[in-house]
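Here is the structure we will look at, set down as structure tokens.
Since we're looking at a predicted model, the values are computed, not measured. The chain is numbered in sequence order, starting from 1.
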Amino acid sequence: MKKIDGVQSVNVSLKNGLVTIELAVGNHLTLPELRRVITSNGFSPKEATVVVDGALDTASGTPSFRMDGTNETFTLARMPSASAAFDEVTRIAAQRAHVEISGRVDPAKGPEQLAVGSVKRLP
């Protein structure tokens with residue numbers, strides 16, 4: 001995985017069944033690409049904890065997020081432990097604000113959803 005362009009570091013814990021991948025700033029890797037690499041190496045991808053920059057939108061009637069660099073679009077979901085963050089996203093989504101979102105993306109079973117843990121408005 002370290003050989004993939006855009007990967008800054010990889011930490012594998014076989015004991016915990018966890019792989020931590022830190023991506024370089026400005027990378028263009030998508031979650032589906034990373035999941036394919038993980039699967040091709042004999043592992044099963046699980047949820048991804050992410051910190052990403054992008055733009056909020058409500059054109060579909062539901063808050064969505066378009067990630068900078070890859071232009072991947074995620075439907076936003078409420079993380080039970082972070083309701084205030086999702087409320088803030090809902091409040092500023094109509095302004096198409098540029099934000100940094102920390103959250104979780106579960107393996108796709110349909111359209112990708114990003115569960116919002118925190119949100120920070122960017123200039």
Side-chain angles (χ1 to χ4, degrees):
M1 296 188 83
K2 290 180 184 177
K3 295 178 184 178
I4 300 170
D5 190 32
V7 172
Q8 186 168 319
S9 67
V10 177
N11 183 16
V12 179
S13 171
L14 295 176
K15 178 182 177 182
N16 296 326
L18 181 67
V19 174
T20 303
I21 303 167
E22 186 174 338
L23 301 176
V25 174
N27 77 82
H28 297 303
L29 288 171
T30 65
L31 281 173
E33 290 170 338
L34 286 171
R35 287 187 177 123
R36 275 192 294 279
V37 171
I38 292 166
T39 302
S40 71
N41 281 295
F43 297 95
S44 299
K46 305 291 185 208
E47 73 276 354
T49 302
V50 299
V51 178
V52 290
D53 293 357
L56 294 172
D57 194 4
T58 56
S60 64
T62 304
S64 63
F65 177 80
R66 185 181 40 78
M67 191 182 315
D68 289 350
T70 65
N71 288 321
E72 287 177 273
T73 300
F74 297 89
T75 301
L76 296 176
R78 184 180 302 274
M79 187 179 288
S81 61
S83 288
F86 186 80
D87 292 343
E88 176 68 3
V89 163
T90 302
R91 188 182 69 73
I92 63 176
Q95 301 164 13
R96 296 185 178 196
H98 193 248
V99 296
E100 175 185 277
I101 291 182
S102 297
R104 186 187 74 238
V105 180
D106 292 320
K109 295 178 183 126
E112 293 268 37
Q113 283 196 340
L114 171 55
V116 178
S118 68
V119 62
K120 178 172 69 173
R121 193 171 188 144
L122 300 174

- side chain to side chain donor-acceptor pair (under 3.5 Å) partners for Asn11, two or more places apart: none

- Message: To the nearest 0.5 Å, what is the distance between CG on Asp5 and CG on Leu23?
- Response: 11.0 Å

- Item | Phe65 vs Val52 side-chain heavy atoms within contact, under 4.5 Å | yes

- Between CD1 on residue Ile38 and CE on residue Met1, distance to nearest 0.5 Å: 4.5 Å

- Task: Return the minimal non-hydrogen interatomic distance between Ala115 and Met79, and the atom names on each side.
- Result: O-CE, 3.4 Å

- With the side chain counted from C-beta on, respond yes when Arg78 and Asp87 share a heavy-atom pair under 4.5 Å apart, and no when they do not. yes

- Message: Working to the nearest 0.5 angstrom, can you tell me the gap between Met67 CE and Leu31 CG?
- Response: 5.5 Å

- Query: Any side-chain heavy-atom pair from Asp68 and His98 closer than 4.5 angstrom?
  - Reply: yes

- Item | Verify same cluster id: Leu114, Leu122 (apolar side-chain graph, 4.5 Å) | no

- Ser118 OG to Ile101 CD1 distance, which is reported to the nearest 0.5 Å: 8.5 Å

- Message: Is there a side-chain contact (heavy atoms from CB on, under 4.5 Å) between Gln95 and Arg121? Walk through the geometry before answering.
- Response: CA-CA 11 Å; Gln95 301 164 13; Arg121 193 171 188 144; 2.8 Å; yes

- Task: Decide yes or no for Glu100 and Val51: does some side-chain heavy atom of the first lie under 4.5 Å from some side-chain heavy atom of the second?
- Result: yes

- Taking every non-hydrogen atom, the tightest pair across Ala85 and Gly117: CB-O, 3.5 Å

- Between Pro63 and Thr58, which heavy-atom pair has the shortest distance, and what is it? CA-CG2, 4.2 Å

Taking only distance into account, with no hydrogens and no angle test, what donor-acceptor pairs under 3.5 Å do side-chain atoms of residues 40-50 form with protein atoms, sequence neighbours excluded?
from  : atom 1 : to    : atom 2 : distance (Å)
Ser40 : OG     : Arg36 : O      : 3.3
Ser40 : OG     : Val37 : O      : 2.9
Asn41 : ND2    : Val37 : O      : 2.9

- Message: So, taking the atom named CD1 in Ile21 and the one named NZ in Lys2, what distance separates them when rounded to the nearest 0.5 Å?
- Response: 11.5 Å

- Separation of Thr62 OG1 from Asp57 CG (nearest 0.5 Å): 11.0 Å

- Message: Side-chain heavy atoms nearer than 4.5 Å, only ILVMFWY residues, links allowed to pass through others: does that put Leu14 and Val19 together?
- Response: yes

- Taking only residues two or more places apart in sequence or in another chain, which ones pass side chain to side chain donor-acceptor pair (under 3.5 Å) with Ser13? Asn16

- Task: Check whether any side-chain heavy atom of Val105 sits under 4.5 Å from a side-chain heavy atom of Arg35, and report yes or no.
- Result: yes

